[in-house]
Amino acid sequence: GAKEYFWGVSIKPGKPVSFSVAPTGCRVFALPGNPVSAFVTFEVFVAPAIKKLMGAPVPGPEFEPVVMATDLKRNASRLEFVRAITENIGGKLTALPLAKQGSNMVTSVSRADRLLLIEPGDDVAKAGTLVESLPLRWAQR
């Protein structure tokens, strides 16, 4: 009996996420089955919803610009959240995407300190350009 507000979003990883509200007012997120997909959708959708329900003035997610360290092929059709590590190089926060990006690669989540938002396209996100990123809360770099 819940009212579904969305099912499926155009992101990678995490496309099969959904959100519904039960007749009692209970909010229900259904996260994807792959661990990295569940992690990304929690960070992007669920954590901000919880913060909003708790009264946070800016529930987020709060993105920051970073400089790409290397070229990265874009996904042609979907926004992609790429796990990365960052370093301060020459006074600029520089992001290096991790090599293994599969939605089953939990080790890349444990190593990452942020998610890069790579817009869809048929080209590459070029080294040296700015991209938006989502810092990960537990990362102490």
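Just so we're clear, the structure is a prediction, and the values are computed from it rather than from any experiment.
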### Query
Considering all heavy atoms of both residues, which atom of Pro32 and which atom of Ser37 are nearest to each other, and what is their separation?
CB-CB, 3.6 Å
### Pair Tyr5 and Phe29, ring centroids less than 6.0 Å apart
no
### Message
With a 6.0 Å cut-off (strictly less than), is the heavy-atom count around NZ of Lys51, excluding the residue itself, greater than 12?
### Response
yes
### Task
Treat each ILVMFWY residue as a node, draw an edge where side-chain heavy atoms are under 4.5 Å apart, and state whether Phe39 and Leu31 are in one component.
yes
### Query
Are Leu72 and Val124 side-chain neighbours, meaning at least one heavy-atom pair lies under 4.5 Å?
no
### Query
Going only through I, L, V, M, F, W and Y residues with side-chain contacts under 4.5 Å, is there a path from Leu53 to Val46?
no
### Query
Considering only heavy atoms from C-beta outward, does the side chain of Lys92 approach that of Asn88 to under 4.5 Å?
no
### Message
On a heavy-atom basis, which atom in Val9 and which in Gly14 lie closest, and how many Å separate them?
### Response
CG2-O, 3.8 Å
### Task
Applying side chain to side chain contact (heavy atoms under 4.5 Å, CB included) between Pro13 and each of Gln101, Met105, Arg83, report the one that passes.
Arg83
### Flag, side chain of Asn75 to backbone of Arg78, donor-acceptor distance under 3.5 Å
yes
### Message
For a side chain to side chain contact (heavy atoms under 4.5 Å, CB included) check, start with the C-alpha distance between Glu119 and Leu79, then their side-chain angles and the critical distance, and finish with the verdict.
### Response
CA-CA 5 Å; Glu119 296 289 336; Leu79 175 70; 4.0 Å; yes
#### Entry: Side chains of Lys3 and Ser20 in contact at under 4.5 Å (non-hydrogen atoms)
no
### Task
Would you check if the side chain of Thr129 reaches a backbone N or O of Ala127 as a donor-acceptor pair within less than 3.5 Å?
no
### Message
Restricting to non-hydrogen atoms, name the atom on Asp71 and the atom on Lys126 that form the minimum distance, rounded to 0.1 Å.
### Response
OD1-CA, 3.4 Å
### Over 12 foreign heavy atoms within 6.0 Å of CD, Glu4
yes
### Query
Can you list the steps and then say if Asp122 with Arg74 is a salt bridge (charged side-chain N to carboxylate O under 4.0 Å, His left out)?
CA-CA 6 Å; Asp122 292 327; Arg74 297 177 191 270; over 6 Å; no
### Query
Are Leu96 and Leu98 connected, step by step, through hydrophobic side chains (Ile, Leu, Val, Met, Phe, Trp, Tyr) whose heavy atoms are closer than 4.5 Å?
yes
### Summary
Nearest heavy-atom contact between Ala56 and Pro59 is O-CD, 3.8 Å
### Message
Between Thr41 and Phe81, is the side chain to side chain contact (heavy atoms under 4.5 Å, CB included) condition met? List the steps.
### Response
CA-CA 10 Å; Thr41 53; Phe81 288 89; over 6 Å; no
### Query
Do Ile118 and Val131 come within less than 4.5 Å of each other through their side chains, counting heavy atoms only?
yes
### Task
For Pro61 and Glu43, work out which heavy atoms get closest and say how close.
CB-O, 4.4 Å
### Message
Please determine whether residues Leu93 and Val67 belong to a single hydrophobic cluster, defined as Ile, Leu, Val, Met, Phe, Trp and Tyr linked transitively by side-chain heavy-atom distances below 4.5 Å.
### Response
no
### Query
Side chains of Arg114 and Ser133: do they bring a donor and an acceptor to under 3.5 Å?
yes
### Residue pair Leu130, Val66: steps toward the side chain to side chain contact (heavy atoms under 4.5 Å, CB included) verdict
CA-CA 5 Å; Leu130 285 176; Val66 294; 5.9 Å; no
### ILVMFWY cluster, Val17 and Leu115 together (side-chain gap under 4.5 Å)
yes
### Message
Within the structure provided, determine whether Val28 and Val21 are in side-chain contact (heavy-atom separation under 4.5 Å).
### Response
no
### Task
For Asp113 and Ile85, work out which heavy atoms get closest and say how close.
OD1-CA, 3.3 Å
